[in-house]
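Step one of this worksheet: look at the structure below.
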Protein chains: 2
Amino acid sequence: MSIQFNTKVDCQYCPIRHRAVCARCDDSELEVLNAIKTYRSFEAGQPIVWRGEPLQFVASVVSGVASLTKTMEDGRTQMVGLLLPSDFIGRPGRREIEFDVTATTDVTLCCFEYKAFETLVNDTPHLSQRLMELALDELDAAREWMLLLGRKTAREKVATFIEMLVRRSKVDDIEGNRPEMALPLTREQMANYLGLTLETVSRQLNALKKDGILSFTDRRNFNVTDISQLHLETGDDADGGVIS
Amino acid sequence: MSIQFNTKVDCQYCPIRHRAVCARCDDSELEVLNAIKTYRSFEAGQPIVWRGEPLQFVASVVSGVASLTKTMEDGRTQMVGLLLPSDFIGRPGRREIEFDVTATTDVTLCCFEYKAFETLVNDTPHLSQRLMELALDELDAAREWMLLLGRKTAREKVATFIEMLVRRSKVDDIEGNRPEMALPLTREQMANYLGLTLETVSRQLNALKKDGILSFTDRRNFNVTDISQLHLETGDDADGGVIS
DNA sequence: CGCTTCCTTGAGTAAATTCAAGACTTGTGG
DNA sequence: CCACAAGTCTTGAATTTACTCAAGGAAGCG
């Protein structure tokens, strides 16, 4: 069994307070949200929503990582989104989604009953504005990923994925030296995100290790040993704009 | 010089009236839009907006086709969106975009000055709701394309592209028999949309012709001779749900 | 007519996949 | 504590798909 995390944290102390759907809400709006929110936990591997199934709730990811995946009839699958803390599940006016949402690590969600949330959105510009921002951010991210899927080499894909993990996780980390990080996905899941096979992902990760860009403490935990070289490997800039 | 098309058509008779950003507007709202709109035309190949350049206007595509493309430093390019009539350029709160917008055929846009439109959106729920719907539609389309780019074969990619053209253009056509259609993109542009090379696109189109699925009157104009087989070739269904 | 752009087709190549075998990790039960 | 199984990951060898390179044909435009 996974760690349960169903104790409601007051929004004031919520780690995703300033990035989630509630980011623009004032104190009184936050009180309303606080009153109707519930926490739910999912173990790694569990489904959160099935494709085509009507949403019972919408939710923000509080901790952990969830994935959005599309599957073809013959089993080929493509991950079309990765939900990290502060990301949102569910869209106004869309009761069904056309991909599966799955917990890839243990996940805690801050949930709102579908209908109640919809009503609230209609009365709360701060919420609907933020939902639009989140949707546009996702659209930008999806298009960035289209470039990766269509045009990048295997090595560039893997480097880009690692760089994205570093960028997104820094939000939660204390400034300064770069702590060890965990891969929230298996080789197979990374392959499905990057449009590769699991063998190719494995080979490329080990190549980045051999080249002194990453170092691994075990198969899932690593350090970036050369962040500027990592950036060069993404193909995103001719000359590596150093990140940190 | 291309055909100019700068005569303002009254919204009432506008071909995209019921699908564009104005779809939900009532008569009085339409009057306001009608007063501030202007038409602009672009010849095939002309840039409409450069990446990073502040938008002077937002616009709906009235006729023609425009493309959104991302380019890497070394010249690799990926088309991340295709704008057909009724599609919208520009998003609330985002004055800059991170891709180039280019006319791929002669294009006519229904334009609104950026600041004026933004003000109007804030006062008009019918507009902001519709903008959200359009953004979510684009997000769905982007994710569908991620599956194509990451997991489909060259043949499936080309078949999917043709099927999408047929589906989207039917909107404007009279019901019944399938009229001749034009490819709005060169082989190279299709390749950039599909994550292929232009040679591969050419080979796959000719293979679909050889297999009796398409027939060409010239290089840019074709008929779908076997729509249900075309659907089978997209890989989207194990057994082809017949479309028409 | 000549130029340019677009498209086709062939031959050889390369990047990533497929297939296969085995190693490491973790948890379960003897 | 060890054996065993399941899941995950690595590595090698052969294969395949799409790419690259190259040449030439067709269409459009001055």
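Letters go in sequence order (proteins before strands), and every chain restarts at 1.
- With C/dT18, D/dC19, C/dT9 as the choices, the nucleotide that has an atom nearest any side-chain atom of A/E199 turns out to be C/dT18.
- Whole-Å rounding puts the A/L208 CG to D/dT10 C1' distance at 15 Å.
- With hydrogens and angles left out, the side-chain atoms of A/Q189 and A/T104 include no donor and acceptor closer than 3.5 Å.
- The stretch residues 148-159 of chain A comes close to DNA chain C through A/T153, A/A154, each having a heavy atom under 4.0 Å from the strand.
- At a cut-off of 3.5 Å, with distance as the only test, no side-chain donor of B/K209 or B/S215 sits close to an acceptor on the other residue.
- Rounded to whole Å, the distance from CD on B/E43 to P on D/dC29 is 12 Å.
- For A/R220 and D/dT8, the CZ to P distance is 8 Å, given to the nearest whole Å.
- The distance from atom CZ of A/R187 to atom P of C/dC24 is 15 Å, rounded to the nearest whole Å.
- Residues A/T77 and A/N192 bring a donor and an acceptor atom of their side chains to less than 3.5 Å of each other.
- For a distance-only test at 3.5 Å, the side chain of B/R203 qualifies as a donor-acceptor partner of the base of C/dG10.
- B/D218 comes within 4.0 angstrom of nothing in the nucleic acid, heavy atoms only.
- Looking at heavy-atom distances under 4.0 Å, A/L198 makes contact with a base.
- The aromatic rings of B/F216 and B/F222 sit tilted relative to each other, their planes meeting at an angle between 30° and 60°.
- Distance, A/F216 CZ to C/dT25 P: 14 Å, rounded to whole Å.
- Between A/E156 and B/R76 there is a salt bridge, since a side-chain N of the basic residue sits under 4.0 Å from a carboxylate O of the acidic one.
- The interatomic distance linking B/N206 (CG) with D/dA18 (C1') rounds to 16 Å, in whole Å.
- Closest contact between the side chain of A/S202 and the listed nucleotides C/dT8, D/dT10, C/dC7 involves D/dT10.
- Ion pair B/D87/B/R168 flagged as a salt bridge, since at least one NZ, NE, NH1 or NH2 atom sits closer than 4.0 Å to an Asp/Glu carboxylate oxygen.
- Residue contacts for B/R219: at a heavy-atom cut-off of 4.0 Å it reaches a base atom on one of the strands shown.
- Residue-to-nucleotide proximity on DNA chain D shows that, of B/L196 and A/E188, the 5′-proximal contact is made by A/E188.
- Residue contacts shown for A/T200 include a base, since a base heavy atom lies under 4.0 Å away.
- Atom CG of B/L183 is separated from atom P of C/dC6 by 14 Å (rounded to the nearest Å).
- Distance CG (B/L194) to C1' (D/dA18): 13 Å, rounded to an integer number of Å.
- The two residues B/K157 and B/L149 have their closest heavy-atom pair at NZ-O, 3.8 Å.
- When heavy atoms are screened at a 4.0 angstrom cut-off, A/G45 is found touching no nucleic acid atom at all.
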